[in-house]
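Okay, structure first, notes after.
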Amino acid sequence: MENEPDRLLVVDDDSNNRDMLSRRLTRRGYTVDVAEDGPTALEKISRAHYDLVLLDQMMPGMGGLDLLRLLRATYSANDLPVIMVTAVDQTETVVEALNGGANDYVVKPVDLPVMTARIEAQLTRARQDREIRVSEQRYSLAARGANDGLWDWDLLAGTIYYSPRWLAILGYDEDEFQPLPEEWFSRLHPDDQGCVREEVSAHIEHHAGENVRAPSEFSSEHRIRNKQGEYQWVLSRGAVMRGEDGRPMRFAGSLTDIAARKGSDPLTGLGNRLLTLERIETALRGGEFALVLLDLDGFKVMNDSFGHHTGDRILCETADRIRAQISELGLSEVCTASRIGGDEFTILMEKLESAAQARMLAERVVERIGRPMSIHGFEVTISASAGIAVGASGRASAEDVMRDADLAMYQAKESGKNRCAMFEMGLRDKMHARMMMAHDLHRAIENRQLEAFYQPKVDLKTRAITGFEALLRWRHPKLGLIQPNDFIPLAEETGLIVPIGEWVLEEACCQLKTWQNMFPTTPPLSMNVNLSVKQLRDSTLLEHVRTVLDKTGVDPFTLKLELTETALMTEIAEAKQVLDGLRAMHIGLKLDDFGTGYSSLNYLRELHFDSLKIDRSFVARMTQDSESHAIVETMIKLAQAMDMNVVAEGIEDEQQLNELVRLGCDTGQGFYFSRPVEVGKAEKMLEEAFAGMRPAAHAG
Ligand code: C2E
Ligand code: CA
Ligand code: CA
């Protein structure tokens with residue numbers, strides 16, 4: 001390990017700078033990796049370890065300082081030293097960079113010996129810091145291992161000495177705990193109280209008069225309320241010491257923290273999955289109870305893009321908020337909060353008064369988690385969805401309860417996230433139907449049940465058909481024609497969207513080639529195909545697109561891929577590479593449903609879209625409300641300013657059409673011209689439109 005070369009990451013948008021630095025630094029013995037922009041750098045850093053980052057301050061899009069700020073949210077200056085590379089005469093920005101957490105800076109044009117010296121200084125410092133931290137950790141671990149908490153009960157005086165470590169295990173300070181046995185007993189879990197008291201007194205009484213010399217050991221596992229108000233599992237061991245006459249004098253022993261063994265989650269200090277299941281099993285045999293299952297919305301994306309340090313902080317903060325809410329409602333005695341995995345939490349409520357009480361708790365917790373969090377000095381907002389299952393009704397095991405709460409949680413996510421849903425019997429049927437549908441969808445391609453419908457795209461000025469958008473339909477043998485909104489989400493969830501998307505692409509390209517041959521217009525007819533973000537994540541996408549183009553002979557200029565705005569934003573780093581690849585093939589990129597997401601100009605530029613599609617909700621309202629009208633107008637101006645084409649979808653009447661033409665919109669689609677139709681009808685439409693045009697000879 002010691003001899004491995006240090007790994008540097010050079011972040012610079014200028015490829016000459018990048019190459020030059022990387023070559024020179026490699027020659028000096030470093031392992032050098034490069035990134036051409038902020039998002040790429042973030043991605044690389046989240047995936048691999050680097051010892052130091054050289055960061056260009058001036059980059060388009062996410063600038064050097066922005067990236068620095070993001071990095072410092074997760075990595076301290078010692079974890080990941082950053083040296084800024086700045087242009088000369090930028091004193092203010094240098095100050096800003098140093099304040100923002102840069103370790104050092106160098107000025108362009110870079111003087112290599114100076115740079116190497118500064119890199120070495122930072123690497124050495126970080127190394128020393130690491131060594132110190134490791135030895136400190138070792139020390140505290142050793143100390144902890146040897147150091148259970150101690151207690152010493154003077155049975156004659158009726159007082160107990162609790163050692164500082166004993167108190168620390170439970171989070172208390174010395175002045176918060178009176179040296180009395182009752183301080184201990186009163187904090188025991190109600191379910192453990194009776195039993196522990198009995199064991200203790202039995203132990204003290206038992207040996208009176210028997211062999212004085214060989215005190216047997218007292219040992220008891222129980223829960224005791226700690227400073228945070230939770231019940232914590234501990235093991236108390238001890239022995240009674242007796243006087244000459246056999247009278248008990250002292251009772252002394254140790255306290256061990258057995259939280260982990262007893263089912264607690266090491267990260268958040270809440271219970272773990274095992275504990276929850278155990279408790280539910282018990283609850284199933286007792287009175288009324290409810291299980292609330294919480295899942296953070298979009299946590300994976302945050303964890304992937306900001307790194308797991310930030311992810312962990314979010315989880316801990318979430319746990320704190322759950323705890324705080326339970327305690328605020330005075331429910332600590334009856335609630336067990338756990339983290340059962342990843343970003344999933346549960347609250348088991350025992351001695352439930354009513355279903356409404358569980359819902360109230362769930363709603364408050366969801367609301368509380370949704371408030372902005374301050375993580376490493378940054379404001380982060382995350383929401384949670386909750387599912388609630390009440391009582392034992394028809395549930396035989398803890399797993400059943402968990403599954404029903406999970407179904408309800410799923411329902412909450414489906415109806416828009418950041419909310420709660422109660423489990424209802426109907427949900428099981430619904431999920432069953434969904435499973436059946438997923439099963440059928442699996443077979444849909446090979447059973448030839450998928451069908452592409454085509455909706456014409458129209459030049460709004462000449463009203464000529466310029467091409468089509470392919471829109472998928474599923475002819476289900478029992479359920480009839482299913483619309484995409486009713487099965488695309490399922491296809492995305494199950495991953496089936498990848499083969500289905502491949503099928504649509506090939507089908508649409510084949511059809512396009514046929515029509516281009518039949519109707520050789522100038523410019524040629526074009527085809528729009530919708531792409532799911534899930535497809536962007538598939539590594540074979542580019543290859544597949546290329547194969548389809550080769551196989552069908554479609555000119556890439558006539559293929560346009562549509563991506564929706566909301567979906568893209570969460571996957572920007574991944575999307576960029578794939579989009580660049582498509583772009584390099586000269587395929588048009590269209591941003592679909594524009595206006596429904598962040599509508600960020602930066603993204604538009606960064607991802608090189610060449611046209612945007614105004615979402616049909618704005619077109620629908622534009623002739624009725626002035627706000628929608630203004631939005632449409634702005635979008636058109638924006639597109640023109642950025643040299644992008646603009647397409648209006650969902651044109652349903654003449655009035656909308658005229659207004660869009662007046663505002664300068666190029667192209668449109670909508671029921672006013674035609675609904676999406678089967679292939680035969682689309683072909684008829686073309687025949688009518690281009691009557692008299694002679695079919696061209698099919699090119700070889
Ligand atoms: P989208 O891409 O926004 O497609 C436009 C939708 O608007 C289509 O719904 C179309 O029938 C509808 N539409 C067109 N003109 C009008 C109009 O004048 N008024 C109204 N009210 N609606 C109009 P459709 O075919 O049900 O598709 C729904 C969504 O399903 C699409 O929205 C798209 O996101 C998705 N989708 C369809 N086919 C595919 C596909 O092959 N792959 C993927 N990934 N998604 C697809
Ligand atoms: Ca579309
Ligand atoms: Ca759309």
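Residue indices begin at 1 and follow the sequence shown. Numbering of ligands and ligand atoms starts at 1, following listing order.
Residue Ile651 has at least one heavy-atom neighbour below 4.0 Å for each of these atoms of ligand 1: 18 (O). Close approach to Gln455 involves these atoms of ligand 1, each under 4.0 Å from a residue heavy atom: 14 (C), 15 (N).
Residue Asn530: an N/O/S atom is found under 3.0 Å from the Ca ion (ligand 2). Backbone or side-chain N, O or S atoms of Asp593 do not reach the Ca ion (ligand 2) at under 3.0 Å. Residue Glu649: no N/O/S atom is found under 3.0 Å from the Ca ion (ligand 2).
Put simply, NZ on Lys613 and CD on Glu469 are 3.5 Å apart, with the number rounded to the nearest 0.5 Å.
When Ala470, Pro489, Pro676, Pro484 are ranked by how near their heavy atoms come to atom 11 (O) of ligand 1, first place goes to Pro676. In this structure, of Arg473, Arg616, Gln483, the residue bringing a heavy atom nearest to atom 25 (O) of ligand 1 is Arg473. Between Ile500, Ile482, Val504, it is Val504 that holds the heavy atom closest to atom 41 (O) of ligand 1. Of the listed residues (Leu472, Leu450, Val529, Ile488), the one carrying the non-hydrogen atom nearest atom 46 (C) of ligand 1 is Ile488.
Remark: Asp555 pairs with no residue by the salt bridge (Lys or Arg N to Asp or Glu O under 4.0 Å) rule, at least two apart or across chains.
Between His586 and Phe557, the ring planes are parallel. Angles under 30° get that label, and only those over 60° would be called perpendicular. Using cut-offs of 30° and 60° for the angle between ring planes, the Phe690 and Phe519 rings count as tilted.
Residue pairs meeting the side chain to side chain donor-acceptor pair (under 3.5 Å) criterion with at least one partner in residues 477-494, sequence neighbours excluded, are Tyr410-Glu493, Arg434-Glu493, Arg473-Gln483, Glu492-Ser532.
Between Gln535 and ligand 1, a contact under 3.5 Å exists for no N or O pair.
No other N/O/S atom of Glu562 lies as close to the Ca ion (ligand 2) as OE1 does.
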